[in-house]
Amino acid sequence: MTCLTPDWFDRDAPAVARDLVGTVLSLRGAGGRIVETEAYTQTDPASHSFRGPGLRNRSMFGPPGRAYVYRSYGIHWCLNVVCRSGEAVLIRAIEPTHGLGLMAARRGMSAPRALCSGPGKLGQALGIGPEDDGGDLCIAAGAPSAVIAGPRIGITRAVDVPWRFGEDGSPFLSRPFREHSSLTAR
DNA sequence: GCACCGATTTGCT
DNA sequence: GCAAATCGGTGCG
């Protein structure tokens with residue numbers, strides 16, 4: 001299993017977010033195919049990096065290809081992959097392919113579709129925590145897939161920017177995409 | 001110093 | 001469909 005190199009991530013976040021759909025994320029014996037992502041840039045009002053580097057978001061300004069982990073609503077730990085400085089991609093959902101038992105135990109449920117279909121769920125299933133912030137990740141190339149794009153979920157600023165990407169028709173998405181939002185093939 | 005809010009999930013009405 | 005859980009960052013006085 002060959003991991004994508006830091007150079008691969010050293011690009012603008014929307015491009016990386018699109019290309020990440022269909023790749024395979026592995027972390028400590030569990031993981032699967034990435035089926036949903038969101039891009040955040042430094043000039044994006046919805047991004048944690050919008051106001052510059054701070055204590056929480058310093059990893060977003062670190063080396064590309066590493067993890068940026070943040071706490072959401074004081075409860076969940078969410079995983080991002082750092083792109084070029086100040087930009088990152090939120091991993092929103094994966095299709096579980098290995099370590100199913102491990103992830104089911106962490107989640108307290110076994111239905112594959114409910115294991116990693118959301119940023120908080122995915123973080124819990126993979127055992128993500130603050131100790132992972134700034135750490136290395138292994139993401140491997142996967143089979144090309146049809147990618148669909150649409151507006152990002154759960155944000156209150158820049159709500160119309162279509163920087164949410166997903167595998168068309170995947171049953172493992174956090175939420176379905178609106179019909180024909182826009183289509184990208186690769 | 002303090003009140004408000006969020007890149008969420010879950011359970012109950 | 002709606003509110004609770006829970007806490008660090010942000011904005012204002």
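In the text below, chain A, chain B and the rest are named by the order of the sequence lines, each starting its count at 1. Everything numeric here is computed off the predicted structure, so don't read it as measured data.
Across all strands shown, Arg107(A) has heavy atoms under 4.0 Å from sugar-phosphate atoms exclusively, and none from any base. Residue contacts for Thr156(A): at a heavy-atom cut-off of 4.0 Å it reaches the sugar-phosphate backbone alone, with no base atom in range.
Residues Thr41(A) and Pro14(A) are in side-chain contact: their nearest non-hydrogen atoms beyond the backbone lie under 4.5 Å apart. Using a 4.5 Å cut-off on side-chain heavy atoms (C-beta onward), Ile91(A) and Val81(A) make contact. Side chains of Ser26(A) and Val24(A) form a contact here, defined as non-hydrogen atoms less than 4.5 Å apart. Counting only heavy atoms from C-beta outward, the side chains of Arg33(A) and Ser145(A) approach each other to under 4.5 Å.
Taking a pair as Watson-Crick or G-U with both hydrogen-bonding distances under 3.5 Å, the stems of three or more pairs touching DNA chain C are B:1-6 with C:7-12, B:8-12 with C:1-5.
Residue pairs satisfying the salt bridge (Lys or Arg N to Asp or Glu O under 4.0 Å) criterion with at least one member in residues 58-77 of chain A, sequence neighbours excluded, are absent. Among residues at least two apart or in separate chains, salt bridge (Lys or Arg N to Asp or Glu O under 4.0 Å) pairs with a member in residues 78-87 of chain A are Arg84(A)-Glu87(A). Screening residues 34-96 of chain A for disulfide (SG to SG under 2.5 Å), with sequence neighbours left out, gives no hits. The salt bridge (Lys or Arg N to Asp or Glu O under 4.0 Å) pairs that include a residue from residues 36-46 of chain A are Glu36(A)-Arg92(A), Glu36(A)-Arg164(A), Glu38(A)-Arg92(A), Asp44(A)-Arg152(A), where partners are two or more places apart or lie in different chains.
In the region residues 119-134 of chain A, proximity to DNA chain B at under 4.0 angstrom, judged on heavy atoms, holds for Pro119(A), Gly120(A), Lys121(A).
For Arg28(A), the salt bridge (charged side-chain N to carboxylate O under 4.0 Å, His left out) partners two or more places apart in sequence, or in a different chain, are Asp132(A). Applying the ring pair (Phe, Tyr, Trp, His ring centres under 6.0 Å) criterion to Tyr70(A), with sequence neighbours excluded, gives His48(A), Tyr68(A). Under the salt bridge (charged side-chain N to carboxylate O under 4.0 Å, His left out) criterion, Asp133(A) pairs with no residue at all, not counting sequence neighbours.
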Taking N or O atoms only and anything under 3.5 Å, show me the protein contacts with nucleotides 4-10 of chain C, one pair per line.
| residue | atom | partner | partner atom | Å |
| --- | --- | --- | --- | --- |
| dT6(C) | O2 | Tyr73(A) | O | 2.3 |

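Rounded to whole Å, the C1' atom of dG8(C) lies 22 Å from the corresponding atom of dT10(B). To the nearest whole angstrom, the two P atoms, one in dC5(B) and one in dA3(C), are 14 Å apart. Taking the C1' atoms as reference points, dG1(C) lies 22 Å from dA7(B), given to the whole Å.
Residues Ala88(A) and Met109(A) each lie close to DNA chain B; by heavy-atom proximity, the contact nearer the 5' end of the strand is made by Ala88(A).
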Pairs of donor and acceptor atoms involving the side chains of residues 113-123 of chain A, under 3.5 Å and at least two apart or interchain, shall be tabulated with distances.
| residue | atom | partner | partner atom | Å |
| --- | --- | --- | --- | --- |
| Ser117(A) | OG | Arg113(A) | O | 2.8 |
| Ser117(A) | OG | Lys121(A) | NZ | 3.3 |

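Between chain A and DNA chain B, the heavy-atom contact criterion of under 4.0 Å yields a 5' to 3' nucleotide range of dG6(B) to dT10(B).
Partner of Phe165(A) under the side chain to side chain contact (heavy atoms under 4.5 Å, CB included) criterion, chosen from Leu20(A), Thr37(A), Val16(A): Thr37(A).
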